[in-house]
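Structure record follows, encoded as structure tokens.
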Amino acid sequence: MQPIKILSQELISMIAAGEVIDGPYSVVKELCENSIDAKAQNIDIFLEDGGKSIIRVNDDGIGIESRFLELSLKRHATSKLYSKDLLDIKTLGFRGEALYAIASVSKIKINSRTTDMSEAKEVVAKYNNVLSIKPQKGKRGTRITVEGIFDDIPARKKFLKNINAEAIRVRDVVKKLALYNTKINFRYYEENEIKFGFDYKGVQDSALEERLIQVMGNEFKKNSLKIKYFDEDQEILGYIGIPTYNKSTWKDTAIFINGRLIKDKALLGVIKAAYSGLIPGNRQPVVVLFISVKPERIDVNVHPAKTEIKLENKKFLNSRIITLIRDVLKKAGLIDSISNEKALLSKINATNLGNRANQEIDFSNNIEKRVTSLKELEIIDDVEVDRNRLLGVARAQINKMFIISQTENSLILIDQHAAHERIVLEKLKNYYFKKSQILSQNLIIPEIINVEENKDLIFNNQDEITRLGIFFEDYADTNILVRAIPAILGKPNIQHLIDDLIKEIRIIGKIDPKHPSIERILSGIACHNSVRAGRVLNIEEMNSLLREMESTPNSSQCNHGRPTFIKLNLKDIQSLFGRT
Ligand code: ADP
Ligand code: MG
């Protein structure tokens with residue numbers, strides 16, 4: 001191995017803020033990255049109590065020479081940076097801070113042996129104090145055990161989530177590391193058992209696709225399209241989910257730049273923009289992207305957890321990614337009109353690419369749609385209008401999305417889905433709080449729903465979920481069988497309904513009817529009513545929606561705080577035409 005040295009002061013100051021260890025998942029990430037840098041073929045990860053009591057990572061890599069074992073725990077001690085050239089880095093670590101940071105918040109045991117050593121050496125340290133260092137049994141490679149993370153640091157311990165939630169974050173890290181490091185065998189154990197198929201066999205010759213199926217599952221493979229691009233400065237390779245294969249979070253999306261898993265909100269915004277108009281605002285596509293750029297064009301030290309990066313040619317990369325995604329969706333016949341593409345791209349380049357940009361894009365698309373459909377609008381004679389009706393009389397529906405109604409002195413545009421959602425929420429609340437059980441409808445054919453690793457979580461909440469009107473029972477593997485859903489929802493997509501519910505429960509761990517979070521859960525359920533935008537309504541149905549709105553509390557805003565209707569005074573309309 002290369003000698004471990006303390007970095008020079010000069011290099012230290014070039015490197016950004018300290019390594020962030022904020023829970024078991026970041027320990028697992030750092031330890032695995034060290035194993036990968038050490039050229040391990042096998043990496044075994046063990047978690048107990050969600051990593052709160054024990055995290056162990058065993059590898060068969062090059063090991064740490066005994067004379068460097070103690071030094072490896074020191075701050076800024078690394079064997080990976082030999083030149084002063086920070087820009088030309090090919091290893092995952094290089095700042096020499098991870099082991100130091102982990103050792104500062106736990107009890108750590110490192111047992112390691114190189115090929116030159118006749119036996120292993122083991123160091124034990126607690127809160128950075130070395131307790132013992134002695135020869136010990138052990139094969140070639142490194143075994144690191146981290147015990148009782150944050151145990152004596154209550155201020156940080158309190159930010160740890162429950163066992164299940166912490167384990168979920170760790171699984172996510174393991175999956176993503178396995179995705180890119182295709183040649184390494186990864187095995188992941190919880191309470192000494194491999195669960196959820198976390199036994200990833202290495203594949204040779206970077207058979208990315210095979211690994212992709214192992215990690216992302218066959219379902220993703222079936223529902224995704226391949227994208228590929230390269231020029232002299234960069235290479236983009238990836239799989240993008242088709243629009244209907246969407247999820248409630250970005251959790252399954254993985255973006256790697258030069259082998260580093262990055263988390264970059266702006267880039268997610270770009271991806272979402274590429275799916276603009278194809279996926280509802282509250283759902284996310286699933287995308288796996290492997291991007292390679294020349295090392296000199298990248299600065300990985302922007303974020304201490306190395307998940308955000310600064311790229312020289314980010315703008316180019318962003319628009320390339322959008323074009324690639326749009327092109328492949330178009331070729332697959334999944335986009336019928338891409339006439340907005342140019343406008344979309346220029347919007348993206350002009351704005352800051354965050355979520356806001358994304359909303360603006362959706363908005364501009366909608367405007368175009370609205371304008372075209374105005375042609376379909378009926379011409380209406382002036383007729384008697386009931387003055388007592390706040391929302392007037394429905395006149396027409398445009399674009400299967402909006403209702404136009406008329407009162408004596410105004411014209412009202414109603415967002416039919418938003419309005420319906422609010423009505424549904426108020427009804428759900430009424431049932432839930434006043435009758436303490438949401439009215440449910442039995443499904444004629446019960447539906448099998450995949451809940452992935454969340455089975456324990458939802459069975460822990462079964463009574464409360466039943467109270468929400470959803471009846472389910474256990475089914476094979478990672479599935480449950482849903483027998484009944486809230487009656488008011490009509491015919492929603494039940495998988496999406498359950499996905500979203502799980503997402504909410506994961507945040508809180510346990511549903512508590514007395515906690516304000518219940519409102520979010522109910523509002524999430526209300527989103528799944530089947531009278532969405534896109535349904536043709538006749539005049540009678542429109543009017544009955546307006547009447548329901550009038551009698552529903554808070555009906556002027558949808559559950560997300562957006563207006564459900566917009567009122568234009570005739571006077572204002574007149575002034576728009578210069579008639580004052
Ligand atoms: P960095 O990875 O940035 O160099 P770390 O604190 O993560 O810093 O590790 C310090 C050093 O300890 C590494 O540079 C490497 O020499 C050694 N090391 C850590 N983990 C392993 C491992 N699993 N196998 C071999 N060497 C390791
Ligand atoms: Mg490291």
Side-chain angles (χ1 to χ4, degrees), residues 1-8 11-12 14-21 25-46 55-106 108-117 120-125 128 130 133 136 138-146 173-174 177 181 184-187 258-261 300-301 303-307:
M1 78 182 269
Q2 293 282 339
I4 297 185
K5 284 187 275 191
I6 303 274
L7 292 173
S8 70
L11 271 171
I12 290 174
M14 281 169 77
I15 292 174
E19 203 72 56
V20 176
I21 296 296
Y25 82 98
S26 42
V27 172
V28 169
K29 177 165 185 284
E30 292 297 338
L31 295 182
C32 287
E33 287 190 346
N34 281 344
S35 301
I36 294 164
D37 283 344
K39 305 193 173 55
Q41 282 298 304
N42 289 284
I43 301 180
D44 291 342
I45 302 133
F46 299 84
I55 303 162
R56 181 176 299 129
V57 173
N58 295 352
D59 72 44
D60 57 355
I62 57 171
I64 306 173
E65 273 175 53
S66 62
R67 59 187 170 129
F68 294 133
L69 192 58
E70 203 176 332
L71 190 58
S72 70
L73 287 167
K74 292 269 180 307
R75 185 155 208 198
H76 302 304
T78 179
S79 60
K80 299 173 193 170
L81 205 56
Y82 345 109
S83 72
K84 277 194 182 167
D85 196 0
L86 267 187
L87 299 174
D88 189 27
I89 296 154
K90 298 198 176 62
T91 50
L92 294 168
F94 56 83
R95 305 190 307 172
E97 289 204 288
L99 288 186
Y100 169 80
I102 295 167
S104 321
V105 295
S106 66
I108 188 171
K109 183 164 88 187
I110 308 178
N111 174 303
S112 192
R113 178 174 159 189
T114 64
T115 31
D116 296 338
M117 291 159 64
K121 200 160 184 190
E122 190 170 282
V123 62
V124 181
N128 283 127
V130 172
I133 178 158
Q136 189 59 271
K139 285 186 285 198
R140 192 191 102 136
T142 305
R143 290 147 294 273
I144 300 187
T145 310
V146 174
V173 165
V174 175
L177 287 167
N181 298 285
I184 300 174
N185 301 313
F186 282 91
R187 277 174 297 265
N258 292 9
R260 286 192 176 84
L261 178 65
V300 274
N301 259 315
H303 191 275
K306 291 180 294 189
T307 51

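The basis for the numbers below is simple: all heavy atoms, side chains too, and nothing from hydrogens, waters or symmetry mates. Whatever order the structure lists them in is the order used to number ligands and atoms, beginning at 1.
Using a 4.0 Å cutoff on heavy atoms, E97 counts as a contact of ligand 1. The closest approach between a heavy atom of G63 and any atom of ligand 1 is below 4.0 Å.
In summary, the atoms of ligand 1 found under 4.0 Å from a heavy atom of T142, numbered by their order in the structure, are 22 (C), 23 (N), 24 (N), 25 (C). Each of the atoms 10 (C), 12 (O) of ligand 1 lies under 4.0 Å from some heavy atom of S72. Taking every non-hydrogen atom of A38 and a distance limit under 4.0 Å, the qualifying atoms of ligand 1 come out as 24 (N), 25 (C).
Residues N42 and R187 form a side-chain contact, since some pair of their non-hydrogen atoms from C-beta on lies under 4.5 Å apart. The shortest distance between side-chain heavy atoms of I102 and L31 falls below 4.5 Å. In this structure, L261 and L177 have side chains that are not in contact, with every pair of non-hydrogen atoms separated by 4.5 Å or more. Side-chain contact check for N34 versus V57: every heavy-atom pair is 4.5 Å or farther apart.
Just one of N181, D59, T142 meets the side-chain hydrogen bond (donor to acceptor under 3.5 Å, both in side chains) condition when paired with S35; it is D59. Considering T78, V123, I4 in turn, I4 is the only one that fulfils the side-chain contact (heavy atoms from CB on, under 4.5 Å) rule with S72.
Close N/O approach between D37 and ligand 1 is not found [any backbone or side-chain N/O within under 3.5 Å].
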Given K109 and E122, is the side chain to side chain contact (heavy atoms under 4.5 Å, CB included) satisfied, shown in steps? CA-CA 7 Å; K109 183 164 88 187; E122 190 170 282; 3.4 Å; yes
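For the Mg ion (ligand 2), the N/O/S atoms of T78 include none lying under 2.8 Å.
Residue L99 touches ligand 1 through backbone and side chain together, judged by heavy-atom distances below 4.0 Å. Looking at D59 against ligand 1, only its side chain comes within 4.0 Å, counting heavy atoms.
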